Amino acid sequence: MTAAMKAIRYYSPGDIRVETIDFPQCADDEIRVKIDACAVCGTDMKAYRHGNRRIKAPMVMGHEFTGIIDMVGANVDSFSMGERIVMATSISCGECYYCKKGRRNLCVDIAPMGFSYPGGMAEYTTIPGRALQNGHVVKVPENVKAEHAALSEPLSCAVNSAGNCNIQGGDTVVVVGAGPMGIMNACVARQFGAAKIILSEINPERLVQAEEFGFDVLVNPAGEDLTQIVKDNTDGIGADVVIVAAPAAAPQAQALELVRKRGTVCLFASLPAEDCMLEINSRIIHYGEIRLVGTSDSTGEHVARAVEMIAGGLLPADKLATHILGLDEIFEAFELMESGKALRVVLKP
């Protein structure tokens, strides 16, 4: 075993380095994992371009990872050498009000991998004891490819979204935004029983990518009337659920025009902190008894559901993981993501 390894570390906005760092140790309450796939999230790209105050720099990046356990701490008895794991990587405290209510994704003292703890854009990482104790680590069946297992964390966020929206069999679901998380939300909604998926996207290249997934209606609102198309596909009443996976104010406000009375609008994508205010018609919410919900992150239970879907072949993981690159190609990964040519780029050490 070498004393050093390759890793991608965040230092500051515009300063991400591929470098050699010390090999991680493993305490008695921890496990160490040999990483064999780590997907690149839009959050990683935003940190590179604009910074992120939550990251304790210098920090190994990456929170959408999978790997094989190569060391088990003396006090750990629930995991074994050679097992593949994934994580709900925003690690909870286990003690606050939200943790005790089972909503660990809303923990007041949350500590994410890649932000507070070294992440998965490296050859190895250590999983903190806090993550093991609070149910953040999920085992993956042996038949699942590494690049597919790495999708479990982002897919788990879509599982959380579908649950918050209470998607039922036969529902019509509109997803606004056909980036990777929009596509994942649409795929998961279908697994929750949605009978019709309407996907909206202003980037023509994204719409071409979306054609491979077999959604029912694809709309480019830059040249088409999205509201009218939704009404035409729902006998004029609107969608049962609208999930906004586009990080822009206009589609979030417009979502209220797309949903039926007593339907649900989910704000999945976050707006930038410096421009996060919405101007909405509160009368639509009031008179239509609309449910307006948010969705943030996921729990271990959501990750386990995502793993079941992937392992069961219920999600087109091969179409979601569009590019596989090495750690040295992180900047190429960012370029692919910004161009819209990639859905999920997966790095393999």
Side-chain angles (χ1 to χ4, degrees), residues 24 26-33 41 43-44 47 52-56 59-67 69 72-73 75-79 83 85-120 125-140 149-167 181 184-185 188 192 243 264 266-270 273 276 291-309:
C26 180
D28 287 346
D29 64 341
E30 298 176 333
I31 59 175
R32 189 172 62 201
V33 176
C41 177
T43 303
D44 300 320
N52 190 316
R53 293 177 299 176
R54 296 169 60 205
I55 300 177
K56 299 177 181 179
M59 178 60 67
V60 177
M61 300 178 71
H63 57 276
E64 299 181 1
F65 63 85
T66 184
I69 298 173
V72 179
N75 296 334
V76 177
D77 57 12
S78 53
F79 294 90
E83 291 180 320
I85 61 95
V86 291
M87 287 185 66
T89 45
S90 290
I91 302 171
S92 60
C93 71
E95 299 294 333
C96 72
Y97 171 87
Y98 299 103
C99 287
K100 290 179 179 179
K101 290 290 185 179
R103 300 303 306 186
R104 295 183 185 276
N105 57 309
L106 303 180
C107 174
V108 299
D109 188 28
I110 210 154
M113 300 291 287
F115 290 72
S116 302
Y117 299 103
T125 197
T126 298
I127 311 300
R130 172 169 155 169
L132 301 177
Q133 295 159 12
N134 294 334
H136 288 266
V137 184
V138 176
K139 298 177 184 179
V140 180
L151 303 175
S152 300
E153 195 279 339
L155 280 166
S156 73
C157 298
V159 170
N160 186 18
S161 173
N164 283 344
C165 292
N166 194 29
I167 294 174
M181 293 313 305
M184 290 186 198
N185 267 284
V188 171
F192 269 65
I243 301 171
T264 300
C266 175
L267 304 185
F268 182 87
S270 174
C276 60
R291 293 178 66 245
L292 181 60
V293 302
T295 289
S296 177
D297 223 312
S298 64
T299 66
E301 290 78 8
H302 298 131
V303 174
R305 181 78 182 270
V307 169
E308 288 177 2
M309 290 181 181

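Only a predicted model underlies this, so the values are computations on that prediction, with no experimental measurement involved.
In terms of heavy atoms, Cys26 sits closest to Thr126 at CA-CG2, 4.4 Å. Closest of all the heavy-atom pairs between Gly62 and Asp44 is N-OD1, 4.1 Å. Nearest heavy atom pair, residue Val307 against residue Ser152, reads CG2-OG, 3.5 Å. Smallest separation of non-hydrogen atoms from Cys157 and Thr295: O-CG2, 3.8 Å. Closest non-hydrogen pair, Ala149 versus Val140, comes out as CB-CG1, 4.2 Å. When all heavy atoms of Leu267 and Leu292 are compared, the pair lying nearest together is CG-CD1, 4.1 Å.
Under a cut-off of 6.0 angstrom, the local environment of CZ in Phe79 is crowded, with over 12 non-hydrogen atoms contributed by other residues, nucleotides or ligands.
No option in Asn160, Asn105, Thr89 other than Asn105 meets the side chain to side chain contact (heavy atoms under 4.5 Å, CB included) test with Asp297.
Between the CG atom in Leu151 and the CE atom in Met309 there is a gap of 13.5 Å [rounded to 0.5 Å]. Taken to the nearest 0.5 Å, the OG atom of Ser156 stands 12.0 Å off from the CZ atom of Arg305. Atoms OG and CD1, on Ser296 and Ile110 in that order, are 7.0 Å from each other to the nearest 0.5 Å. Annotation: the span from His302 atom NE2 to Glu153 atom CD amounts to 12.0 Å, rounded to 0.5 Å. Rounding to the nearest 0.5 Å places CD1 of Ile91 at 5.5 Å from OH of Tyr117. Taken to the nearest 0.5 Å, the CD1 atom of Ile55 stands 5.5 Å off from the CE atom of Met61.
Between the side chain of Thr125 and the main chain of Gly119, a donor-acceptor pair closer than 3.5 Å is present. Panel note: side chain Arg32, backbone Pro24; a donor-acceptor pair is recorded below 3.5 Å.
Inter-residue side-chain proximity for Met87 and Val137 is flagged as met; some heavy-atom pair is nearer than 4.5 Å. Val293 is listed as a side-chain neighbour of Thr264, based on a closest heavy-atom distance under 4.5 Å. At least one side-chain heavy atom of Phe115 sits under 4.5 Å from a side-chain heavy atom of Asn52. Using a 4.5 Å heavy-atom cutoff, the side chains of Arg54 and Pro112 are in contact. At least one side-chain heavy atom of Pro128 sits less than 4.5 Å from a side-chain heavy atom of Met113. Side-chain contact between His63 and Thr43 is present, with at least one heavy-atom pair separated by less than 4.5 Å. Contact check for Ser161 versus Ile243: side-chain heavy atoms found under the 4.5 Å cut-off. Contact of the Asp109 side chain with the Glu95 side chain is not registered, since no non-hydrogen atoms from C-beta on lie closer than 4.5 Å.
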Exercise. Starting from the C-alpha separation in whole Å, work towards a yes-or-no answer on side chain to side chain contact (heavy atoms under 4.5 Å, CB included) for Leu132 and Ile127.
Key: CA-CA 8 Å; Leu132 301 177; Ile127 311 300; 4.3 Å; yes

Quiz item: Step by step, would you call Phe192 with Val159 a side chain to side chain contact (heavy atoms under 4.5 Å, CB included)?
Solution: CA-CA 9 Å; Phe192 269 65; Val159 170; 4.2 Å; yes

